[in-house]
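What follows is a set of notes on a single structure, which appears directly below.
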Number of protein chains: 2
Amino acid sequence: MTDKIGTPDIHEDLRRRLITGGFVPGQKLKPDELRGAYGCSINTVREVLLRLSSAGLVTFQDQRGFRARESSLRHQHELTQMRVLLEQEGVAISMRDGGLEWEAQLTAAHHKLSHIEARIAALGAVEPVLDTWCAAEWEFHETLISACGSDLMRQTYAAIYDQFRQQLVTRETNFGYYPNNVAEHLGIVEAALARDEALCRRRIHEHLARNLLPLDATAPMRKLA
Amino acid sequence: MTDKIGTPDIHEDLRRRLITGGFVPGQKLKPDELRGAYGCSINTVREVLLRLSSAGLVTFQDQRGFRARESSLRHQHELTQMRVLLEQEGVAISMRDGGLEWEAQLTAAHHKLSHIEARIAALGAVEPVLDTWCAAEWEFHETLISACGSDLMRQTYAAIYDQFRQQLVTRETNFGYYPNNVAEHLGIVEAALARDEALCRRRIHEHLARNLLPLDATAPMRKLA
DNA sequence: AAAAATATAAATCTTGAAATTTCGACCCGA
DNA sequence: TCGGGTCGAAATTTCAAGATTTATATTTTT
């Protein structure tokens, strides 16, 4: 799609701050203030924000500047819906086309993730290993669909996932982690390796549907704090 | 997502030129040249191109400027795949949630489209009513998924459709129009109104799969010229 | 003659300031 | 007290020029 901007640090750094809850939702993002932290001009910040806005992390209104995205329940629902759709389709194709290499990468990603989640269970808290866990969770889900053969699908999924993560981390929900993760991730891997598409689709839906809670009362409650 | 830019005309006009084949794929888009046509500054053009690049219509490389998107067969395949996925899911939800109002809008959109396509058949050429047909075709497909209740899904579909249209119009393929359109559009509407989800999904796939030709030899050949 | 190196030209990116628009406080009249 | 209007400050957008990078043409070397 597009490469990095002239000052890669700004783009990466702002993106990170946005998805890790560095800004409160709805907060105004003034190029003139952000400029100082990076020692660059207003216009450069402006370009970066313009890009982040098209990635969905930032909202933009003409003559009214940029804001950190505010998430309504409806938007979070739509986000989850899209994520389920893309992940189900991506994994289905991967199960069909993926070979031994994909299976190996998947088991590797799951191994790392489950190991980290075991540590979380032992510690009783996510915070100490939050960054590690976030990276592992992303790598796991990305690997699931990595053999789908479509860059477009993977890029679209990545954009959705970023917004998704932004919402999760922003809330006081123990950062989106909940104990059932361990069992559910394993279940997904098993179904994928067994090439049981229907089962895999169902388990992905169950795994992600917790976030549908507000609009889908049949889904199980997410663990809060 | 994002609103218009300060000079709406440039954004809309460049977008139009891109999806109607006003630039040859891969062509360099130099802000300094485009500036003249709109009487504005380089930076303004730059911002517009930056946005179009995130919409997928333009590619951007750091320090190497902008280009009109080049479509590989692979990319076109991925585009079609995503379009099928989104349209199938969108119409399925619309069939479930859409009421009388949706049915009315759908039949209206189809009526307009079929009327225009009848004229095309009579004339034996698309060009005279190309713009009208393009708009009607878009409105038909957009209406199909309009009751899905997800702005995110509709926006994502719109972005895919734009790229899709860009590829179609660029080629010398009679602008993507082919006679089977008439029957296929009707078949989709009938299945949708009958709330036959499986049939509707299948017909949408068949309708769009012609563009999968290069990578899916089982799909019927697109009519050329 | 082909390849590498250099010099020149062109295009891109960044910057700071001017022009335009929005936001908020204050004042006035009802 | 409330609604509307005016004014000033702040923020956003546009602009043109300077700095940096890339592309092209020419020369040099093997």
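Every chain is numbered from 1 and lettered A, B, ... according to where its sequence line falls, protein lines coming before strand lines. Bear in mind that the values here come from a model prediction, so they are computed numbers and not experimental data.
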Quiz item: So which nucleotide from C:dT15, D:dA16, C:dT14 ends up closest to the side chain of B:Arg46?
Solution: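 Of all the options, the side chain of B:Arg46 is nearest to C:dT14.
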**Asked** For the side chain of A:Asp62, counting heavy atoms from C-beta on, which of C:dT14, C:dC13, D:dT13 is nearest?
**Response**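 So the side chain of A:Asp62 is nearest to D:dT13.
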Given atom [atom1] of [X] and atom [atom2] of [N], what is their separation to the nearest angstrom?
| X | N | atom1 | atom2 | answer |
| --- | --- | --- | --- | --- |
| A:Asp9 | C:dC13 | CG | P | 17 Å |
| B:Gln61 | C:dC13 | CD | P | 10 Å |
| B:Glu47 | C:dC13 | CD | C1' | 13 Å |
| A:Ile42 | C:dT15 | CD1 | P | 11 Å |
| B:Arg35 | C:dT12 | CZ | P | 12 Å |
| B:Phe66 | C:dT12 | CZ | C1' | 9 Å |
| A:Asn43 | C:dA18 | CG | C1' | 13 Å |
| A:Gln63 | C:dT21 | CD | P | 7 Å |

Task: Donor-acceptor contact below 3.5 Å, side chain A:Glu89 vs main chain B:Leu85 - done: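 It does not hold such a pair.
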So, B:Ser150 side chain and B:Met153 main chain: donor-acceptor pair closer than 3.5 Å or not?
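The answer is yes, because a donor-acceptor pair under 3.5 Å joins these two groups.
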**OP:** List in chain and number order the residues that pass ring pair (Phe, Tyr, Trp, His ring centres under 6.0 Å) with A:His75, two or more places apart in sequence or in another chain; answer none if no residue qualifies.
**Re:**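 Scan of A:His75 (ring pair (Phe, Tyr, Trp, His ring centres under 6.0 Å), adjacent residues dropped) gives none.
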Please name all residues satisfying ring pair (Phe, Tyr, Trp, His ring centres under 6.0 Å) with B:Tyr161, sequence neighbours left out, ordered by chain then number.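 Testing B:Tyr161 for ring pair (Phe, Tyr, Trp, His ring centres under 6.0 Å), a comparison that skips the adjacent residues, returns B:Trp138.
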Point to revise | Contacts of type side-chain hydrogen bond (donor to acceptor under 3.5 Å, both in side chains), residue B:Lys28, not counting sequence neighbours | key: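 Once residues adjacent in sequence are excluded, B:Lys28 has no partner under the side-chain hydrogen bond (donor to acceptor under 3.5 Å, both in side chains) criterion.
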* What residues, two or more places apart in sequence or in another chain, satisfy side-chain hydrogen bond (donor to acceptor under 3.5 Å, both in side chains) together with B:Asn43? ->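 Expected list: none.
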| How would you list, by chain and number, every residue that makes a salt bridge (Lys or Arg N to Asp or Glu O under 4.0 Å) with A:Arg67, sequence neighbours excluded? |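 Residues passing salt bridge (Lys or Arg N to Asp or Glu O under 4.0 Å) with A:Arg67: none at all.
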Can you pull every protein N or O that's under 3.5 Å from an N or O on nucleotides 9-11 of chain D?
residue : atom : partner : partner atom : Å
D:dA11  : OP1  : A:Lys30 : NZ           : 3.0

Below the 4.0 Å mark, does D:dC15 have OP1 or OP2 next to a side-chain nitrogen or oxygen of B:Thr44?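 Checking D:dC15 against B:Thr44, a side-chain N or O does come within under 4.0 Å of OP1 or OP2.
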